[in-house]
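Read through the structure below, which is laid out as C-alpha cells, and then see the notes.
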Amino acid sequence: MLRLRAFRPTNDKIVKIQMHPTHPWLVTADASDHVSVWNWEHRQVIYELKGGGVDERRLVGAKLEKLAEGESEPRGKPTEAIRGGSVKQVSFYDDDVRYWQLWRNRFAAAEAPSAVNNVTAAFSSPAPSTKGRHFLVICCENKAIFLDLVTMRGRDVPKQDLDNKSLLCMEFLAKSAANEGPLVAFGGSDGVIRVLSMITWKLARRYTGGHKGSIACLMNFMASSGEALLVSGGSDGLLVLWSADHGHDSRELVPKLSLKAHEGGVTAIELSRVIGGAPQLITIGADKTLAIWDTISFKEMRRIKPVSKLACHSVASWCHPRAPNLDILTCVKDSHIWAIEHPTYSALTRPLCELSSLVPPQLLASHKKLRVYSMVAHPLQPHLVATGTNVGIIVCEFDPRSLPPVAALPTPPGGREHAAVYVIERELKLLQFQLSNTVNPALGNNGSLSDTGRIRGDTPEQLHVKQIKKHISTPVPHDSCSVLSVSSSGKYLGIVWPDIPYFSIYKVSDWSIVDSGSARLLAWDTCRDRFAVLESAVAPRMPIIPKGSSRKAKEAAAAAAQAAAAAASAASSASVQVRILLDDGTSNILMRSVGSRSEPVIGLHGGALLGVAYRTSRRISPGAATAISTIQSMPLSGFGSSAVSSFSSVDDSFSSRRSSAEATPLNFQLYSWESFQPVGDLLPHPEWTAWDQTVEYCAFAYQHYIVISSLRPQYRYLGDVAIPHATGAVWHRRQLFVVTPTTIECVFVDAGVAPIDIETKRRKEEMRLKEAQAGAVAEHGELALITVDSQQTNAQERVILRPPMLQVVRLASFQHAPSVAPFLTLPKQSKVDNDDAMPEERKVNEVAVGGGGVAVAVTRFPGEQKRPVGPLVVVGVRDGVLWLIDRYMSAHAISLGHPGIRCRCLAAYGDAVSAVKWASRLGREHHDDLAQFMLGMGYATEALHLPGISKRLEFDLAMKSNDLKRALQCLLTMSNSRDLGQETLGLDLNDIMNLNAKKENVVDAVEGINKFAKEFLDLIDAADATAQADIAREALKRLAAAGSLKGALRGHELRGIALRLANHGELTRLSNLVNNMISVGSGREAAFAAAVLGDNALMEKAWKETGMLAESVLHAQAHGRPTLRSLVQEWNKELQKEMEATPSTKTDAAAAFLESLEEPKFTSLADAAKKPPIEILPLGMASLYGPNPVHGKPPPAAQGPNQQKPKQLLLEGPNAPAQNASAQSEPAAPTASESGVPPTSNSDVPTTSQSGTTPTSESSVPPPETGATPLESDTPVPPESNSQAPTELNEKTTDNQNPDSSSAGVDDPTASLETVPSASKSSPSTVDTAPHQSVNQVPNANSANPMIDFS
C-alpha cells in the first residue's frame, strides 16, 4: 500500500527518529550515538555530530567563540568537552513545533462532546518564543545539547545542573510561567521530572513522588476541560498524570493520578484524536502489549498484543482516509509496519506494508534480514511515515491524493448554514457548519480595529466556526474506503467503494437509494444530473498472507495469486456506462459502453466532458510527448475548430534527456456527454480535473503543475501554474482554490481578449441583425427592410486585445511567518500570562489607521494563515470565507478578508465596483498593483477610480478604457506642459530662443513632452479614431510648441506632428512650426512640413536657409521656380569656398618627411594659379560664365602654349530605374572637384582618379548597392588616353545612387572631406525631375570644367 518516497542507507541501525512538522527535516540517532539531520526532500544531510562522545568540531568552535568574546583562559572545562553518553531522544524545537504541538492538543481535546467551548474558540498563534531559531535538541545521559541550526551556536546543559541525575527522556511544555520562556521537561533516572527554562538555562521546577524507578517517556496533552496535563511512563510500569499548568507557584509538584499500565515498564506514550470523542492515550510496554486509555475517566479501554512474541518499540496515532478503519501504527523488530484496526471492532493487527520490498535489493544482499528499530508518522501529513532500520532511513508515502469521505451540499440562496455529508464507519452523517460571528454575511468579518492593532477577521483565529454533526437514518452498506460526490443540481449524492467494488446513489431530500450496483469509479456531468460508472464484475477479495514458509502460507499465496488474476480479468472486462437520473427519481441507462478502446479503464473524470483514462503498457517517445496537440472542435457554443495549446508537460526542457520509457503516456480521452463521441486527441492522464460551473474554464492537474484552459467561445490553452502535488480544487467564478498537502493556493484566472472573441462577437451581432431582419420581414413584409437597412450603426469602438492572466496567491501553509534570528539572547517577554504573549517589539507595518478611523492594511497580501492538518476537501467560498473539511470531519474557515485578497476576489467574481470600494482599506502604495490586476481582469474603467494609482498607470488605464480626456490630463501632468502651447501665453520664437528666469518652466515642459512624445502621438491617434478632435487638438498644441525647439523631438516625431496638424486643418500652426523649425536648423523636417502644407516657397526657404542648397536647386528646377539661377550661383559659390578652404591636417615628423620625398603636386607656380571656378548645373541649364553649350561634341577650348588638348573621359553610373534622388537623409560626400583638390597635370605620372584608377565604361562600374562608388573601380587607364593631359572628371549623379555612391577619397588620405548635403529625404517635389541623359560639358579658357548633372 505504501511507496518509497526517500531512502538513505546507513552503516548502523537507526534507533531514534523524529520528523519536523513543517520543514522536510528528519533527525536520527544510530546505535553508535551519531546524530544527523537529513533533508529527505532534497536528499542531503544538513548537519552531523557525535552525540555520545565529545564532538571535536563543536569543542573547537566553542573555544573560538570564547576567544572572540575576550576570554583568553577558560575558567573550567567547557561543557562541550563533557562526554554525552548514550543518546536517549532527539527532537526539533522552534515556533512551528510549538504551535503544532499546541494545535494538536487543543483540537484533540475539543472533539469531546463535553469539551469547554473556549478550548478552540480562543485558540490563537502563540507568541514566537524561539524568534526564528530552529533548535536541534539531543537528550543524552550526561547532558542535553541545544543546537541552533540557523546560527550553528549551541548550548550544552550538563546533568550537574539538573541534580546530577542521568537524563532519559524529554518533552517540551506548551505553557510557561512569566519570564521562564520555553520550558523543557527531562525525565531522570531517579523518577523525578525536572523542568529547565530555555531563557535562564536554570532549573524551573520539579515533579516528584510519582515513580519508584527511572522515567522512560513523557508526553503533554490537554484534557477536554482545557487543563494542560503531563503524563509520564516509568520503568516501574506506572502511568503518572501531572498538572502542567503554570499557575502553581510551588517548585515541587506532586502527581494527580497514578495507574499501573504495563509489567516490566512503559516504553512509549502516544495521543490519539478520536472523531466526536475525548482524546485517548496509547501506551506500549515491555510486556508486549498495547493499551488504550480514556482521558476523561482514565480507565483502560482495550489491551491487545499486536504481534505475538515481539514487544513494540514505536507507536503512532494515524488517521488516513484511504484506510478509515486503521487508527494506530506500531513497529516491532521485523520488516513490517503494523496497523491496528479501530478499537470498536475486533482490534485486529494487520501488516500495512513490507519494507524490504521498498528498499533497493542490492542493499539487502549484505544483510540477512531487514529490521525496524524506530518509526514515526509525520505530525501534519499523515501519508508520510518514516522508519529507522538496520539498513538505513526509509520514508514511505501512502496514497497522498486520497481525500476524506465528505461532500459539500449546495447552500440554498440566502442561507447562512452550510451542510456536508460524510461517511464514518457504516453511518451516513450530516455536518452543518457556519460562521458564528459574521458581521456582514456577504463579505465576512472585516470589522473594526482591535486593541492589538490588527484587523479583526484578518487572521484565521478570529473566525469562530459553529458546527453540528447529525446522524442520517439510512445505513451505509460498507465500511471500507469510500469516495463521495454530489450531482450538479445538488439533488443526488453518489458514493463509491472502489475496494468492494460497489456504488450507491442517494436522493438528498429523503436519503433514499435511487440506484446502486457494482462499480469502481463514478463521475458526474456538471450540466445535468447524469453520471458515468465503470461497471465491473465483483472481483474476489485478496486473502491475508500469513508469514512463514509453512504449507498453509504456500496455499494462501497460491490463492492470492488466483484472486489477483481474477481481479485483473474483471478489470479488463469493465466498461464505462452512462446513466441519467430523471425528475421522478428513476435511473435510466443512456449508453451501455462509452468508447471503443480495448484497454482497461483506470480513471473517470466528470465535468462538461467525460474524461476516461486507459491503462497503457506502451510508452511513447519524448518527442511525441512534447508535441501533444490541443483538444480540437469542442462541442461548445463557439466558432472555429481548433486553437493553439500545449498540453505538453512542464518538463519539456529536459524531456529529451529522459528515456522513452519515462515519457508521459497519452492515455486520456475526452468524450461528449451528448453524443458519446471522442472530443480531441489523446492527452496525458491528469490526476484530477476541475470544471467551472458556468463551463467557462477548466483545470487539469498533473504532478508538478496545473494546466488551465478557457472553454468559450472555443477551447483555448491559457497557461500552466506551477503548483506541484495538488490534491483537489474548486472553481469560484474566475478563482481556482487549490489544496496541496502543505499549502492552500488561490489562482486568479482571466482568459483575456483574443481575436477569436472579437470574431465571435462580430458573428453574433450579424446573426442578431439577421434575426431582427427576418422577424421584421415576417411581421411587416419587404417594406420593413427599408427601416432595418437605414439604421446607422455607431462608430466602431476600439477593441483592444488582452493577454490571458494567471496570478497565484498563497492563502495558507503550515509554516510560521519567518522572523529574524538573534545571535545571543531571546527577547524578553513583556506579557506571558496567556498564550497570546507578544514580545516587546510589537509587529509593525501591519495595520495603519486611515481617515475616519478606517483600518488600512499596509501589506500587499496577508501573512500566510495556518493550513488545517491532513488531507482536505475544498467546499468553496461561502459567507466571504473559504471553507475546508479535514479528515476528522471538522469544518475550517480560511479568511479572505484582507483587502488585498478581498479586492481581487470581488474583481474576479465580477463585482469590480465593490472591489474599488474595498481598496480604500488597502494602503495606497499597493493600488498600482491592484490596478494592474484589474486591468488584467478587464476592468480598466473601474480601476481608474482607485485613488492611489500613479499617473503613468492612470494614463494607460484611461487609454484602455477610452477615457481620452483623463488620459490627456495625465499626460499634461506628467509632462508638466499644462501651460505650453496656449495662445494666451504670448510665447513666440524669440521667447523660446532667449529664455529668461520667468519662463524656465518652458524648458521643463519641453523636456516632458520630449519624454512622452510617443504617448502624445498615441493619444492623438486614439482621439482621431473616436472623433474627439478637441482632445487631439490640445495634444497637438503641446507637440507643435515643443517641436519648435532644436533637438527637442526626433525627426520621425516632427514629421508625425506635421501630418497630424495637416489632418486637423491647423495650417496656421503648421506654418508657424515650419518657420520655427527653419530657425533652429531642422531643414528636412521643415521641408517635409512645408510639403504637407503645399507651400513651394516655404519648402525652398526651408532648404535654402538651412544650408541645403543642392536640394533647393533640384526643387527649383523641378517646379520651374524663377529663383533657379540665383540658387545655382549661390550653390556653386558655396562649393568654391569649400574647395579653397585648405583642410587642416595634423602631421607628425615621419609623415612630413615622407611627404617631402613625394613629387610636388604642381610643376610650376603658373599651374597653381589656374584653379578653375566650379560650375555644377542642373540638366538643361545654361552656363553661368559663358554662352549656352551645344549638346553633342563641344568646341575645342583655347589652348595655351603649355597645354595639350584634353581627352574627354565619360563617367556614367549604371542604367538603373530612376528613383527618388532625395530618398536619403544623409548629405552626400564631395566629388573630386568639390573636395578642394584641383586636378593634377603631372606630365610624367599617368593621372588617375581619386582611388588611383579611372573607370572606362559602364560595365566596370559596380552597382551602387554593393557599396563601391563609380570612382572606386579598379580598371586601369586605357592606352589611348593622353597621360600628360589633365584628366577631366565629368561626374553624373543618377537618380538611384546612394549618397555614399558619390563619395570618393582624395590623393592625401589624411585630407578631411567636406560634405555637400543631398536632397532631403522628405521632399515630395524632387522625384524624377529629369531623365537619364548625356553629360553637359562646358569649355573654358583655362581648362576643362568638371560639371555634374544633378538630375
Side-chain angles (χ1 to χ4, degrees), residues 1-20 24-32 34-48 313-314 316 320 322 329-339 350-378 381-401 542 545 547-549 553 557 560-561 564 617 619 622 651 654-655 657-665 703-704 724-725 741:
M1 293 175 84
L2 275 76
R3 71 180 184 89
L4 186 66
R5 177 70 184 268
F7 175 72
R8 180 188 168 217
T10 56
N11 296 324
D12 213 339
K13 55 191 178 189
I14 304 295
V15 293
K16 306 291 177 190
I17 190 166
Q18 189 65 45
M19 296 183 90
H20 193 281
W25 298 343
L26 198 66
V27 57
T28 57
D30 61 16
S32 306
H34 282 85
V35 177
S36 67
V37 180
W38 183 49
N39 185 319
W40 50 265
E41 198 170 73
H42 299 118
R43 316 284 202 281
Q44 62 186 19
V45 176
I46 298 173
Y47 191 77
E48 283 183 307
H313 53 69
S314 303
H320 196 286
R322 188 69 184 82
L329 299 182
T330 186
C331 283
V332 297
K333 286 181 185 174
D334 65 0
S335 60
H336 292 88
I337 297 176
W338 295 89
R350 58 178 63 191
L352 186 69
C353 87
E354 164 68 54
L355 288 174
S356 55
S357 64
L358 299 177
V359 178
Q362 60 269 22
L363 292 167
L364 285 175
S366 58
H367 296 268
K368 290 180 180 177
K369 199 158 187 183
L370 185 140
R371 293 272 184 271
V372 179
Y373 288 91
S374 55
M375 182 268 300
V376 65
H378 196 286
Q381 302 177 58
H383 61 278
L384 293 172
V385 179
T387 50
T389 67
N390 55 345
V391 297
I393 307 160
I394 302 172
V395 180
C396 310
E397 189 175 52
F398 177 59
D399 198 3
R401 294 199 305 273
M542 300 280 180
I545 306 173
K547 294 195 303 177
S549 58
S617 56
R619 298 278 181 170
D651 307 327
F654 54 85
S655 63
R657 285 176 277 174
R658 286 188 271 167
S659 67
S660 60
E662 295 171 327
T664 309
Q703 187 174 5
H704 298 293
H725 312 299

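This chain uses plain numbering: 1 for the first residue, then up along the sequence. Please read these numbers as outputs of a predicted model, since none were measured by experiment.
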Test of understanding: with salt bridge (charged side-chain N to carboxylate O under 4.0 Å, His left out), list the residues that count as partners of R43, not counting sequence neighbours.
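R43 satisfies salt bridge (charged side-chain N to carboxylate O under 4.0 Å, His left out) with no residue once adjacent residues are dropped.
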Can you name the residues that form a side-chain hydrogen bond (donor to acceptor under 3.5 Å, both in side chains) with [X], not counting sequence neighbours?
| X | answer |
| --- | --- |
| S357 | none |
| T389 | none |
| E41 | none |
| R371 | none |

At their closest point, which heavy atom of [X] faces which heavy atom of [Y], and how far apart are they?
| X | Y | value |
| --- | --- | --- |
| S314 | S374 | OG-CA, 3.5 Å |
| H336 | C331 | O-SG, 4.0 Å |
| L355 | C396 | CD2-SG, 3.7 Å |
| P382 | V385 | O-CG2, 4.4 Å |
| I17 | T387 | CD1-C, 3.9 Å |
| L329 | A339 | CD2-CB, 3.9 Å |

Could you give the distance from [atom1] ([X]) to [atom2] ([Y]), rounded to the nearest 0.5 Å?
| X | Y | atom1 | atom2 | value |
| --- | --- | --- | --- | --- |
| Q44 | H42 | CD | NE2 | 7.0 Å |
| W38 | L26 | CH2 | CG | 7.0 Å |
| H34 | T28 | NE2 | OG1 | 11.5 Å |
| L352 | I337 | CG | CD1 | 6.0 Å |

Is any side-chain heavy atom of [X] closer than 4.5 Å to a side-chain heavy atom of [Y]?
| X | Y | value |
| --- | --- | --- |
| V395 | H378 | no |
| I394 | V359 | yes |
| W40 | L384 | yes |

What salt bridge (Lys or Arg N to Asp or Glu O under 4.0 Å) pairs are there with at least one residue in residues 5-19, not counting sequence neighbours?
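Salt bridge (Lys or Arg N to Asp or Glu O under 4.0 Å) check on residues 5-19 returns R5-E397, R8-E48.
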Test ring-ring contact (aromatic ring centres under 6.0 Å, His included) applied to H383 - qualifying residues, sequence neighbours left out
none
Holding to side chain to side chain contact (heavy atoms under 4.5 Å, CB included), I want the full list of residues that pass it with P9, two or more places apart in sequence or in another chain.
F7, L363
Short question: side chain of N390, backbone of K369 - any donor-acceptor pair under 3.5 Å?
yes
